[in-house]
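We count ligands from 1, going down the list as the structure has it; atoms in each ligand are counted the same way. In what follows, every heavy atom counts, from backbone to side chain, and hydrogens, waters and symmetry copies are set aside. This structure is a prediction, so every number in the text was calculated from the model and none was measured.
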Amino acid sequence: MLGCIRTIVIMGVAGSGKSTVGSLLAQQLGWRFVEGDEFHSPQAKQMMASGIPLAEQLRDSWVRALCAELDACKAARQPCVLSYSGLIAQQRQQIRSSADNGHFFYLQGDAAVLAKRLAQRQNHFMPAAMLQSQLRTMQSCINESDITLLDIRRPVSRLVQQITRFLAAQNAK
Ligand SMILES: Nc1ncnc2c1ncn2[C@@H]1O[C@H](COP(=O)(O)OP(=O)(O)O)[C@@H](O)[C@H]1O
Ligand SMILES: O=C(O)[C@H](O)[C@@H](O)[C@H](O)[C@H](O)COP(=O)(O)O
């Protein structure tokens, strides 16, 4: 039997459904939900809110804070679901190192669907105008075998079911 997956990372650009899918999944599994947005500094949030993509240094410190949280979960044997964009390949590697037998699910969709979702979203610091920079910054994950792609056009409940079925199949191996 392979080790059980104890960290799930939900990745994708802004508006792809990370928070929605991740929180419902964590609730269904009874796992801790680590909302990546909550780990940004006020300065980083303010920058993004005013339409400026995260500077490298701010993204670095954000990812370090996320890793520290995953390290703490692992030390406490607390399984968790993390929602975070995962745009930069080298930073996905940092997250992978802190995860507890982790697996990534990448919510993928085209720009038109994403733009519509962002336009409809209320009360969020991230403006819809940031979508193009998010799509440009996302680095290919073609050689990362622990990333499963999910289609954002599917209903949230089906996406969560797809993940729980994947976990059940993986844990049965
Ligand atoms: N699979 C889905 N189908 C329809 N609407 C969705 C789906 N996933 C998310 N949404 C909606 O799209 C918007 C963006 O979702 P959100 O979870 O905030 O994305 P992210 O955390 O990736 O930025 C929200 O208004 C949410 O209700
Ligand atoms: O540069 C990045 O890595 C992203 O911009 C990242 O900061 C994230 O996507 C924001 O937290 C936006 O929030 P949502 O993804 O929840 O829209």
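Checking Glu38, Lys18, Met126 against atom 12 (C) of ligand 2, the nearest heavy atom belongs to Met126. When the heavy atoms of Ser85, Ser19, Gly36 are ranked by distance to atom 8 (C) of ligand 2, first place goes to Ser85. For atom 11 (O) of ligand 2, the nearest non-hydrogen atom from the set Ile88, Thr137, Asp37, Leu131 comes from Asp37.
Close N/O approach between His40 and ligand 2 is found [any backbone or side-chain N/O within under 3.5 Å].
With ligand atoms numbered from 1 in the order given, ligand 2 contributes 16 (O), 17 (O) to contacts under 4.0 Å with heavy atoms of Arg121.
Looking at Arg165 and Gln162, their side chains never bring a donor and an acceptor atom within 3.5 Å of each other.
Every protein residue with a heavy atom nearer than 4.0 Å to ligand 1 is included here: Val13, Ala14, Gly15, Ser16, Gly17, Lys18, Ser19, Thr20, Arg117, Arg121, Ile152, Arg154, Val156, Leu159.
Taking the six-membered ring for Trp and the full ring otherwise, the centers of Tyr84 and Phe39 sit at least 6.0 Å from each other.
Of all the heavy atoms of Ala14, the ones lying under 4.0 Å from any atom of ligand 2 are found in both the backbone and the side chain. With a 4.0 Å cut-off on non-hydrogen atoms, Tyr84 does not touch ligand 2 at all.
In terms of protein heavy-atom proximity, atom 5 (O) of ligand 2 is closest to Gln134 NE2, 2.4 Å.
When each of Thr7, Asp146, Thr148 is paired with His103, the side-chain hydrogen bond (donor to acceptor under 3.5 Å, both in side chains) condition holds for Thr148 and for no other.
Taking a cutoff of 4.0 Å between a charged side-chain nitrogen and a carboxylate oxygen, Asp100 and Lys74 do not qualify as a salt bridge.
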